[in-house]
Q: 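Please read through the structure below; I'll follow up with questions.
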There are 2 protein chains.
Amino acid sequence: MPRTDTRWDAELVPDARGRTVRPEPDCPVEVALAAVSGRWTTLVLRELMHGPASYGELRERLPEISPKVLAERLQTLGERELVARERLLGFPVRTSYRLTPTGEALRPLLVELYRTGVELLEHRSGAAAPPRAGNR
Amino acid sequence: MPRTDTRWDAELVPDARGRTVRPEPDCPVEVALAAVSGRWTTLVLRELMHGPASYGELRERLPEISPKVLAERLQTLGERELVARERLLGFPVRTSYRLTPTGEALRPLLVELYRTGVELLEHRSGAAAPPRAGNR
DNA sequence: CAGTATCCCTGTTGATACTG
DNA sequence: CAGTATCAACAGGGATACTG
């Protein structure tokens, strides 16, 4: 039930889907957050942003992830159609995982997460306002 | 321990802090994610982005959040110096919460989360590539 | 190789009642 | 008003061993 007694910031909350009183799974912010949330998720996405990889390759690149969690992440990403699975014939079996176009759509978000994280770390360390590439 | 055998995408992983093999609390992506993660967190941030508010005002705007969780969120945000608390004198007691400049730094991230969420929802509904208002 | 199946353990959330 | 205290319920994550 949307509020009508307050002005909404049009940049922050452009439409009604963001004007919720409780966490709604179909609020865009929740949708995006769900896509990248969960331990190891952003690391798996990072690896796949570099190109397709097999299950075993992912384990090599992320040696400390457990098989269970990796499988779980890949399955969830698959259900959300962010990642596509392809079984390669031959022996031994290989499976190739790649980002779908929808998955690629997460790239700007990951970049923004990184940027924001850097900014928070700078504030934290008490650095003076640092120069931002060609602005300010 | 950073990988050296693969090329890193400079936009996605601009420096060594993002080249981790495991989730590191001081990786910028994790820092930013931690700032907005947790149920109700983005909603509290949204409210404070509209301006300072008291504990009770926040409860009015988010009627279903429990007092415990709201207090918890405000404390965590406070520890991270994203939110500042100010006790107002008088009776009854009032406390005003407001974003710090560091907290304001989360705004572009929230905007990007919303934008990405909308995009994911569009992909999900199988809509054709929609026009993007002359942006990015 | 590419996963499942178990089991355990911890952190998170929520409801509710109470206090300075 | 602005929280804290308590307790119950649950989901997420990890270690390990096993299978097609």
Side-chain angles (χ1 to χ4, degrees), chain A residues 20-25 27 29-30 33-45 47-48 51-80 83-98, chain B residues 20-25 27 29-30 33-45 47-48 51-80 83-98:
Chain A
T20 67
V21 264
R22 92 182 69 104
E24 299 281 1
C27 163
V29 170
E30 303 282 340
L33 233 24
V36 297
S37 75
R39 203 158 138 85
W40 295 99
T41 301
T42 55
L43 294 180
V44 171
L45 287 172
E47 293 307 322
L48 293 177
S54 69
Y55 184 89
E57 284 165 347
L58 291 171
R59 292 213 65 195
E60 277 170 38
R61 266 116 127 154
L62 303 173
E64 300 175 39
I65 193 174
S66 82
K68 179 193 148 196
V69 172
L70 178 55
E72 216 166 81
R73 291 298 172 264
L74 289 170
Q75 177 166 353
T76 302
L77 291 169
E79 282 163 4
R80 295 182 174 149
V83 163
R85 170 185 318 207
E86 187 189 356
R87 292 206 111 85
L88 306 178
L89 298 178
F91 192 84
V93 184
R94 287 222 152 210
T95 314
S96 177
Y97 292 92
R98 68 172 63 242
Chain B
T20 68
V21 265
R22 92 183 68 103
E24 299 280 2
C27 164
V29 171
E30 303 283 338
L33 233 23
V36 296
S37 74
R39 205 159 137 86
W40 295 100
T41 301
T42 54
L43 293 180
V44 171
L45 287 171
E47 293 307 322
L48 293 177
S54 68
Y55 184 89
E57 283 166 347
L58 290 171
R59 292 212 66 196
E60 277 170 38
R61 269 122 125 156
L62 303 172
E64 300 175 37
I65 194 174
S66 82
K68 180 194 146 196
V69 171
L70 177 54
E72 217 166 80
R73 290 297 172 265
L74 290 170
Q75 176 167 350
T76 302
L77 292 169
E79 282 163 3
R80 296 185 172 146
V83 163
R85 167 185 319 206
E86 187 189 356
R87 291 206 112 81
L88 306 179
L89 299 178
F91 192 84
V93 184
R94 286 224 152 209
T95 314
S96 176
Y97 292 93
R98 68 172 64 241

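Each chain gets a letter, A, B and so on, in the order the sequences are listed, and its residues count up from 1.
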Q: Tell me, do A:V29 and B:L43 make a side-chain contact under 4.5 Å, heavy atoms counted?
A: no
Q: With a 3.5 Å cut-off and sequence neighbours excluded, list the donor-acceptor pairs that the side chains of residues 85-92 of chain B form with protein atoms.
A:
none

Q: For nucleotides 5-16 of chain C, just jot down a letter per nucleotide in 5' to 3' order: B, S or -, based on protein non-hydrogen atoms under 4.0 Å.
A: BB------BBBB
Q: Quick check: on DNA chain C, is the nucleotide nearest A:Q75 upstream (toward 5') of the one nearest A:V93, or the reverse? Name the residue that is more 5'.
A: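 The residue whose closest nucleotide sits nearer the 5' end is A:V93.
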Q: Indicate the atoms forming the closest heavy-atom contact of A:R59 with A:P67, along with that distance.
A: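 Heavy-atom minimum between the residues: NH2-CD, 3.5 Å.
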Q: Give me the first and last nucleotide of DNA chain D, going 5' to 3', that has any atom under 4.0 Å from a heavy atom of chain B.
A: D:dC1 to D:dT6
Q: Do you know which two heavy atoms are closest between A:E30 and A:P23, and how far apart they sit?
A: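 Heavy-atom minimum between the residues: OE2-CB, 3.8 Å.
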Q: Measuring from A:L48:CG to A:L77:CG, what's the distance to the nearest 0.5 Å?
A: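 CG of A:L77 is found 7.5 Å from CG of A:L48.
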Q: Applying side-chain contact (heavy atoms from CB on, under 4.5 Å), name anything that partners B:E57, two or more places apart in sequence or on another chain.
A: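 Expected list: B:A53, B:S54, B:R61, B:R94.
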Q: Keeping the roles fixed (side chain from A:Y55, backbone from A:Y97), state whether a donor-acceptor pair exists under 3.5 Å.
A: no
Q: Per the side chain to side chain donor-acceptor pair (under 3.5 Å) rule, what does the pair list look like for residues 33-42 of chain B, sequence neighbours excluded?
A: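 Pairs touching residues 33-42 of chain B that pass the test: B:T41-B:R73.
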Q: Hey, are the side chains of B:L70 and B:L58 touching, using non-hydrogen atoms and a 4.5 Å cut-off?
A: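 Yes, at least one pair of side-chain atoms sits under 4.5 Å.
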Q: Using five pairs at either end of the helix from C:dC1-D:dG20 to C:dG20-D:dC1, determine the angle between the two local helix axes and round it to 10 degrees.
A: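 So the angle between the two local helix axes works out to 50°.
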